[in-house]
Amino acid sequence: MRLSFYQTSEQKKYIEELGIAIKNFAAREAELDETGDFPFENIKELKNFGYTTLTLPKQYGGRGGSLYDFLLGQERIAMESGATALSIGWHLGSLLEINSKQSWDKEVLEEFYKEVANGALTNRAATEPKTGSPTRGGRPETIAVKEEGGWRINGRKSFTTLSPILDLFLVSAWVPETENIGWFMIHRDTAGVRIEETWNMIAMQGTGSHDLILEDVWIDNKYYIEKMRAPAKTGAPWLLHIPACYIGIAASARNEAIAFAKEYSPNSLPGPIAELPNIQRTIGEIELELSQARHYLYSVAEKWETKPEEREEIAKEFGAVKMAVTNAALSIVDKAMRVVGAKSLQRSNPLQRHYRNVRAGLHNPPMDDATISLLAKRVLFE
């Protein structure tokens, strides 16, 4: 499956070079899936390529990549390794978000960007066992208490993607003194920070989304980086990396089905099953769903970038994009398995892994029920 949504020759060249840099990812997937290990080599190769600074501003040593660049890269990586794509997507998406908000103290922001330019990885740690997804509005049980010159933080965060190699944790905590939610930057080597390996899933095991434990962690005042604000009316476009990842996995499943249909020739047929009308129909349906999903994803990203005056309206599409594209990915993988048949369930067949991995998309934000509710309320009450 070749990407055809390039806007510029520079994007095309970059993605082609990225494809060369990640050429070993697919071969590692089966072993990583069996062992439950983290893709350390994959991340190292992405760092060496410079992908981890794709969305870092140019003035701080990054590529200054756009949202559209980001989505192209995420889809391409997911075609080789879904877990690697989803993992690194949270890091790069965090950079886009921080740069967009411009709410940090300049000194701390420059320190942060310098560390990222030198290879540091970051992610937000917001989810907790008792609060569920932060998008549901639960108050964190992680507590930040003011002390002289700094803050004392205690708590547990779940689903901390990239935790085996994160350098900078962006942690949400309840601040009793002011009765609000605050965000704190915590370095991995800070006393009291540890990772508890709790991530044991049948899907996206390679994301290393373990629990972050904070026990009497003390940080300087300056690392209180943000106070929780009302969601921006322009939404969170960086979260589009989620559907980009899942449609990349679906594109890989599509490729597997096509290759199988061209090659598999049972002795009951004069030629390969690709000549059968029912196989052609299923492949055609896959092509249609894949094309529709990708058009929706990239057209919304393009509008968000080229029409800043309309961003408040465009942001209303983000949840629908995630839901439509992720569910299309589920359907595409299912159809690909129907083409391949029982062989798709063999543990050596990547389709069974794609099937498990795309289902994880149902549990990434925003959830389908919340999206449907918002769509209904928009037409009923706005």
Side-chain angles (χ1 to χ4, degrees), residues 47 52-64 88 90-128 131 134 138-195 210-232 234 236 238:
K47 279 189 178 183
T52 58
T53 57
L54 171 65
T55 57
L56 183 68
K58 286 183 178 180
Q59 62 267 38
Y60 296 103
R63 188 178 178 86
I88 208 63
W90 289 107
H91 162 78
L92 292 172
S94 296
L95 299 182
L96 272 180
E97 178 188 11
I98 292 164
N99 192 48
S100 172
K101 287 183 176 180
Q102 291 291 312
S103 60
W104 291 23
D105 174 79
K106 185 178 179 181
E107 178 188 345
V108 176
L109 183 63
E110 290 183 347
E111 176 188 326
F112 171 78
Y113 280 156
K114 183 177 180 180
E115 292 195 51
V116 172
N118 289 329
L121 297 177
T122 191
N123 191 10
R124 288 191 182 269
T127 306
E128 296 187 0
T131 61
R139 194 182 92 178
E141 293 192 334
T142 298
I143 303 294
V145 177
K146 186 75 175 69
E147 295 185 355
E148 185 178 354
W151 296 86
R152 184 76 60 182
I153 303 175
N154 285 276
R156 172 187 287 264
K157 296 293 183 178
S158 53
F159 302 160
T160 311
T161 299
L162 280 176
S163 63
I165 55 173
L166 283 178
D167 302 287
L168 301 166
F169 299 92
L170 309 180
V171 177
S172 63
W174 180 249
V175 182
E177 183 182 57
T178 52
E179 296 191 335
N180 69 281
I181 298 173
W183 286 90
F184 301 82
M185 184 168 78
I186 303 175
H187 289 70
R188 186 186 192 89
D189 59 2
T190 304
V193 173
R194 65 182 176 91
I195 300 298
H210 302 299
D211 283 11
L212 168 66
I213 312 299
L214 305 168
E215 296 173 325
D216 282 333
V217 172
W218 190 91
I219 60 170
D220 189 272
N221 270 329
K222 67 178 182 179
Y223 294 126
Y224 184 2
I225 52 175
E226 298 175 13
K227 289 184 179 179
M228 182 68 81
R229 299 181 296 177
T234 53
W238 39 88

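The model shown is predicted, which means the values in this text are computed figures rather than measured ones. Positions are given from 1 along the sequence.
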Could you tell me if the side chain of [Y] sits less than 4.5 Å from the side chain of [X], heavy atoms only?
{"X": "V193", "Y": "H187", "answer": "no"}
{"X": "R188", "Y": "F169", "answer": "yes"}
{"X": "I195", "Y": "P164", "answer": "no"}

Looking at [atom1] of [X] and [atom2] of [Y], how far apart are the two atoms once the value is rounded to the nearest 0.5 Å?
{"X": "Y223", "Y": "M185", "atom1": "OH", "atom2": "CE", "result": "5.0 Å"}
{"X": "S94", "Y": "W238", "atom1": "OG", "atom2": "CH2", "result": "10.0 Å"}
{"X": "D216", "Y": "I153", "atom1": "CG", "atom2": "CD1", "result": "11.0 Å"}
{"X": "I213", "Y": "N154", "atom1": "CD1", "atom2": "CG", "result": "11.0 Å"}
{"X": "W151", "Y": "I143", "atom1": "CH2", "atom2": "CD1", "result": "11.5 Å"}
{"X": "R194", "Y": "S163", "atom1": "CZ", "atom2": "OG", "result": "12.5 Å"}

Kindly say whether [Y] contributes a backbone atom to a donor-acceptor pair with the side chain of [X] at under 3.5 angstrom?
{"X": "K47", "Y": "T53", "value": "no"}
{"X": "T122", "Y": "L168", "value": "yes"}
{"X": "N123", "Y": "T161", "value": "yes"}

Taking NZ, NE, NH1 and NH2 as the nitrogens, is one of them in [X] or [Y] under 4.0 Å from a carboxylate oxygen of the other?
{"X": "R156", "Y": "D211", "result": "yes"}
{"X": "E226", "Y": "R124", "result": "yes"}
{"X": "E147", "Y": "R152", "result": "yes"}

Considering all heavy atoms, the nearest [X]-[Y] contact:
{"X": "S172", "Y": "A126", "value": "OG-CA, 3.5 Å"}
{"X": "T52", "Y": "L95", "value": "O-CD1, 4.0 Å"}
{"X": "P57", "Y": "N99", "value": "CG-OD1, 3.5 Å"}
{"X": "I186", "Y": "V171", "value": "CD1-CG2, 3.9 Å"}

- Query: If you draw the axis of the six-membered ring of W183, does the NZ or CZ of K227 fall within 45° of it and under 6.0 Å from the ring centre?
  - Reply: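 Ring-cation test returns no.
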- Message: What verdict does the side-chain contact (heavy atoms from CB on, under 4.5 Å) test give for H91 and L162, after you've listed the backbone C-alpha separation in whole Å, the side-chain angles of each residue and the deciding distance to 0.1 Å?
- Response: CA-CA 8 Å; H91 162 78; L162 280 176; 4.0 Å; yes
- Please list, chain by chain and in numerical order, all residues satisfying ring pair (Phe, Tyr, Trp, His ring centres under 6.0 Å) with W90, sequence neighbours excluded.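 Here the qualifying residues are H241.
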- With Y113, which residues qualify under ring pair (Phe, Tyr, Trp, His ring centres under 6.0 Å), at least two apart?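 Result, ring pair (Phe, Tyr, Trp, His ring centres under 6.0 Å) vs Y113: Y60.
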- Task: Establish, from distance only, whether the side-chain atoms of E128 and T142 form a donor-acceptor pair under 3.5 Å.
- Result: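 E128 vs T142: donor-acceptor pair found between side chains.
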- Message: What I want to check is whether the side chains of K146 and T178 have a donor and an acceptor closer together than 3.5 Å.
- Response: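 Judged by distance alone, the side chains do not pair up.
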- Have a look at V116 and tell me which of T55, D167, L56 forms a side chain to side chain contact (heavy atoms under 4.5 Å, CB included) with it.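 Considering T55, D167, L56, a side chain to side chain contact (heavy atoms under 4.5 Å, CB included) with V116 is found only for L56.
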- Please check if the distance between the ring centroids of Y224 and F184 is under 6.0 Å.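 Y224 vs F184: aromatic centres under 6.0 Å.
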- Message: Less than 6.0 angstrom separating the ring centers of H210 and F159, yes or no?
- Response: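 Ring centres of F159 and H210 not closer than 6.0 Å.
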- Message: Please enumerate all residues that pass salt bridge (charged side-chain N to carboxylate O under 4.0 Å, His left out) together with E110, with sequence neighbours excluded.
- Response: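 Expected list: none.
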- Message: Taking NZ in K114 as the centre, count heavy atoms belonging to other residues, nucleotides or ligands within less than 6.0 Å. Is the count above 12?
- Response: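 No, not enclosed.
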- Message: Tell me whether the count of non-hydrogen atoms from other residues, nucleotides or ligands lying under 6.0 Å of CD in E179 goes above 12.
- Response: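 Counting neighbours around CD of E179, 12 or fewer heavy atoms of other residues, nucleotides or ligands fall under 6.0 Å, so no.
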